[in-house]
Structure formats: structure tokens, C-alpha cells
There are 2 protein chains.
Amino acid sequence: MGNRFIEKLRGFADFDNSELRALERVTAHPKAYGARKDLIREGDPPGPVLVVLEGWAFRYKVLPSGTRQIMAFLMPGDACDLHIGMLAEMDHSIQTVTRASVATIGRTAMDEMLASHPRIATAMYIAQLVDEGTLRAWIVSLGRRSSIERVAHLILELFLRAVRIGLSDGSTMELPLPQAVLADALGMTSVHINRILQELRRSGAIELSRGMLHIKDPAALTYISGFDANYLHKRLK
Amino acid sequence: MGNRFIEKLRGFADFDNSELRALERVTAHPKAYGARKDLIREGDPPGPVLVVLEGWAFRYKVLPSGTRQIMAFLMPGDACDLHIGMLAEMDHSIQTVTRASVATIGRTAMDEMLASHPRIATAMYIAQLVDEGTLRAWIVSLGRRSSIERVAHLILELFLRAVRIGLSDGSTMELPLPQAVLADALGMTSVHINRILQELRRSGAIELSRGMLHIKDPAALTYISGFDANYLHKRLK
DNA sequence: CGGTAGATTGACCAAGCTCAACTCACGTGG
DNA sequence: CCACGTGAGTTGAGCTTGGTCAATCTACCG
């Protein structure tokens, strides 16, 4: 019954049984991907909508110089490309971090579902607005926060998202992101990320090893990051 | 008769007369704002959709430390908040740069228009996707480009947008952004922006003084910035 | 037991920031 | 018509954050 995508959308709208069935139908046949596989590459013509049901992925772009910038992390329940189908081609790539289970929703199936179930359309719309807020918060971090603030901020963001989708017990979560990936998300080098993580550990705010994150002192982490949860829109209409 | 907003949307869809009339009706009574006036403040409950018909504005957020990060520039024809109405409150502010003429579209008028004119909905949707691509490009710049690349990239982006909406003759445009505003958009200080602009002028790529920008050597500027026009989606389906 | 990917460390370097002064264009009141 | 005020642009000197390069360590795996 259900999956993380459906659970997430249920946080944005009350669905009746026919809507739940429609959502289950379109996500019934996920495909398994290995770790570090590109789901979509920049320049591809837009295909079906992808929905990550299990595992982690990220949107990224590589520059001519070969450096990479990650623009968003996709956690279980997140959709890749609700609407990119309207554009001529992808302007970035998407790659898995871990092994992942990804559902594929064809464009016509998606259009039909949205047309016949407006509440689903609304919920997906809200999900996208939240994603956009996250993009803007990322810009703020990259532009105006120091590296320790950036790292703390990202950790908090991911943690709050994990809590919201039930992937955390409230103080611990799996964080399967190598330091090089964190670096490419935060516009830093992995060397520097490493030093900052040590600083955060020393400060007693977090524990992090072998892919397990433990928020030891949420208040301290929040303080360090200057975090403002508003952009995640916890309070929805 | 139209206005810059309608002109822009016409680039994304072919409208019939009734659609054009609908668009004209909702933008028929713009309001005039002075320079440096907040149109919307963070925390406000979402109001009507705002459409900038003339003048420049930007989205921004100020941090606890008092620094400011600008996340997007709004040029004539750009809409502020197509859908933010679904969320509980604004997660950023919007301020004019120059004097501006801004149309206000009430939520119900907007909903009715979108419902009865699907091509308008599609066009506005595409406009939003392009904006999102611009957000992502901004992230790439802030994360992985050097300061001169960032400045060159922003100038090119604004220039191409100006060309597209007919605000440039192909080599010259008004660029009414003080260096401090450029700095807050690019995550730099105005001192450093100043030095970089001098470097760009010295290199012969641009001329910029008193709010007038002249692209003297587009190829050089493109080369410096590592610009890839793909994200602006010049080729639309 | 070697092999590999990721994490860690140290020494050095440089892009970009801070602070503070100064200039320039422009608008205002006398 | 000119002195003055103001906001933006410009410059210089010194410093800090975070990058570079290269070596080392560690966990895990076939």
C-alpha cells in the first residue's frame, strides 16, 4: 500500500480512494538502478516523469572545466521532472547516489491523471513550489553563507526533509553522501568539507560516520547555520 | 496593443483574439512604483500575482547578519508569483530597482483565466520553467564559477533576456543595476565587482557606464563566462 | 594480501574580503 | 551660478577563508 511518493503527496492534500488508486497505478512498476548511474543526461530529450521511490539521487551540471555543481538532492518520494517535458531538452543531469528504485510515469498517463484528479495536480504543484523554495535557499547559502554555515544548513535541510518523510527517528538518519558529493553541492572542495565536518563534530553538534548522521545538538546546529525553516513551508495553507 | 508581459508569453504560444483580450484585461490597470520599493516582503501572506510591465525588480532575502542575497532579476514581462498563493507565506521579498509599472492579477481572475484559456496556462507554465532553469544556472555560477566568470555570465544572461524581449538593439542595453546590487546577486562585495568590471572593460569585452551596457565583443564575453545558452531554452518545443 | 575508494592531514598559496579614504556625477538651496 | 551634500564608483593595503597539491590512513573487498 502506498510508497514514499504517495506518502509525501498525502502531506499536501487529502486524497480519496480513486486518487490513491491512480497514484498507485502509475508508480506500480519501479525500476531498480545501481549507485552512481545517470538517470537523465543534460541534452537528452525529455522523457517520462521520474519519481524516486527509494534511494538518493541529485541534479547536477558539469562545467567545461570539469567541475561539477549539484543543485538539488532527491530523496525518496521526490519527483525529478514534473514538467520539463514542455522544454526541448534537459538543461542538467540526474544521477543516483545509492541504489535506487525509480518509477516512470509516461507523459500521457501523467496528463490524464492530473486532468482527472485535480487534487493530485495541486499536491504535485505544491511539492514543486517547495522544491523551488529549496533552490532559492541554496542560492542564499552559496552566495552569502560561510562554509561552516553552509554545511550546517545543508545538514539541517536534509535532516528536516528526512524527518518529514519518515526516514529519521528524530535524531538519526542515513546520510549516504560522500564528502566529495557534499563538496559539489556546497561549492567547496572535499578537503575543506572534511575540515568543516570535523569542526561540527568537535563542537558537539553532530556525529557523522559511515553514512549515519546523528544530530546531537539541534539547537547548536540551527544556530550555526542561521537556519530558517520557513522556506520548507512547514505551515501550508 | 499588448504589453511586455503579453509579448513575452506570445513567444511561448500562439494566442487567439479571445486569449489576447483576456491577457489585456487582467493587465489593464498597472500600478506605478518608485525605485527601491518593496513590492512584497518575506512573511507576507501571498497576495495577487504581480507582473512587471516596465522597470526592473529583484527577488532577495536578507540574512540575520544583515547581508542580502538576490536570487533573481525581474525584467519587463516577468511575473513575480504565479503560484506562491498556494503556500502560507512568502519566503523572500521582492523590491524594485528602477521605477516600475506593475500589474496586479487577483487570484480568482487568474484562476479563471487559466481555466478557460489553457494555452495561456501553458505559456505561463513554460515561462516558469525557464525561470527555474535560470535559478539552477545561478546556483552553478555561485558554486563553481570564479568571480569574473560569474560577472560575465550574469551580464550575458541579462543581455540575452533583454534581446529576447526587445529591450536591446543587439549590442546595447540599459543596465540600471548599481554595483552593490550586482554584488548581492553574485555573492561578492561591491569592491570586488568594481575591480572585475574594470577587468572586463580593459579586456575589451564590454563597455559599461551610467547604466548603459555595450557588449563590444560577445565572443570574448561568452568565452570568459563559459556561457551555455541552453538553460535559457532558446529552442522550445 | 594487495587494491581501491573515501577520509584525513599538512604546508603553502591566492582569490576575494575588509576597512578606509578618496573621487566623481548630479541635484539642491542659496 | 556656485557651494554643498549625497550616493555611487574607485583605489590601496593588509588579511582571511578556503583552495591546491600531495602524502597518508582506513575500511572494506575480492
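These numbers were taken from a predicted model, which means no experiment stands behind them. Chain letters run A, B, ... following the sequence lines, proteins first and then strands; every chain starts at 1.
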**Q** Tell me the interatomic distance from A:Arg144, atom CZ, to D:dG18, atom P, rounded to whole angstroms.
**A**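 Taking atom P of D:dG18 as the reference, CZ of A:Arg144 is at 13 Å.
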**Q** Considering only heavy atoms from C-beta outward, does the side chain of A:Met75 approach that of A:Trp56 to under 4.5 Å?
**A** yes
**Q** Which whole-number value in Å describes the distance from A:Ile193 CD1 to D:dG19 C1'?
**A**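 Atom CD1 in A:Ile193 sits about 13 Å away from atom C1' in D:dG19.
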**Q** Starting from P on D:dG18, measure out to CD on A:Glu199 and report it in whole angstrom.
**A**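 To the nearest whole Å, that distance equals 10 Å.
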**Q** Please classify the nucleic acid contact of B:Gly211 as base, sugar-phosphate, or nothing, using heavy-atom distances under 4.0 Å.
**A** nothing
**Q** Any side-chain N or O of A:Gln198 under 4.0 Å from OP1/OP2 of C:dA7?
**A** no
**Q** Among pairs that include at least one residue of residues 210-220 of chain B, which meet side-chain hydrogen bond (donor to acceptor under 3.5 Å, both in side chains), considering only residues two or more places apart or in two chains?
**A**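 Pairs touching residues 210-220 of chain B that pass the test: none.
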**Q** Please check the phosphate of D:dG19 (OP1 and OP2 only) for any side-chain N or O of A:Thr189 closer than 4.0 Å.
**A**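 Indeed, a polar side-chain atom of A:Thr189 lies that close.
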**Q** So which one's nearest nucleotide on DNA chain C is more toward 5', B:Ile196 or B:Val191?
**A** B:Ile196
**Q** Do other residues, nucleotides or ligands put more than 12 heavy atoms under 6.0 Å from B:Glu174 CD?
**A** no
**Q** Can a donor-acceptor pair under 3.5 Å be found between the side-chain atoms of A:Arg195 and the base atoms of C:dG10?
**A**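 By the distance-only test, yes, there is a pair.
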**Q** Rounding to a whole Å, what distance do you find between B:Asp184:CG and C:dC17:P?
**A**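 Interatomic distance, CG of B:Asp184 to P of C:dC17: 11 Å.
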**Q** Rounding to an integer number of Å, can you tell me how far A:Leu208 CG sits from D:dA27 P?
**A** 15 Å
**Q** Is it the case that more than 12 heavy atoms not belonging to A:Arg36 sit under 6.0 Å from its CZ atom?
**A** no
**Q** Write down the distance between CG (A:Leu175) and P (C:dG6), rounded to a whole number of angstrom.
**A** 15 Å
**Q** Does B:Asp78 pair with B:Arg4 as a salt bridge, N-O distance under 4.0 Å?
**A**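 Salt bridge: no.
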**Q** Figure out the CZ/P separation between B:Arg210 and C:dA25, and round it to whole Å.
**A**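 Result: 7 Å.
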**Q** What is the nucleic acid contact for B:Ser190, judged by heavy atoms within less than 4.0 Å: base, sugar-phosphate only, or nothing?
**A**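 B:Ser190: no heavy atom of the nucleic acid under 4.0 Å.
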**Q** For B:Arg36 and D:dA8, is the shortest distance between a side-chain N/O and OP1 or OP2 below 4.0 Å?
**A** yes
**Q** With respect to the phosphate group of D:dT10, does any side-chain polar atom (N or O) of B:Asn194 fall under 4.0 Å of OP1 or OP2?
**A** yes
**Q** Any side-chain N or O of B:Ser147 below 4.0 angstrom from OP1/OP2 of C:dA15?
**A** no
**Q** Nearest-Å distance, CE (A:Met212) to C1' (C:dG6)?
**A** 19 Å
**Q** Does OP1 or OP2 of D:dG7 have a side-chain N or O of B:Gln179 closer than 4.0 Å?
**A**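 It does not, given that no N or O in the side chain of B:Gln179 lies less than 4.0 Å from OP1 or OP2 of D:dG7.
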**Q** Over all strands shown, is A:Arg201 touching base, sugar-phosphate only, or nothing at heavy-atom distances under 4.0 angstrom?
**A**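 It contacts sugar-phosphate atoms only.
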**Q** Please work out if A:Arg150 contacts a base, only the sugar-phosphate, or nothing of the nucleic acid, heavy-atom cut-off 4.0 Å.
**A** nothing
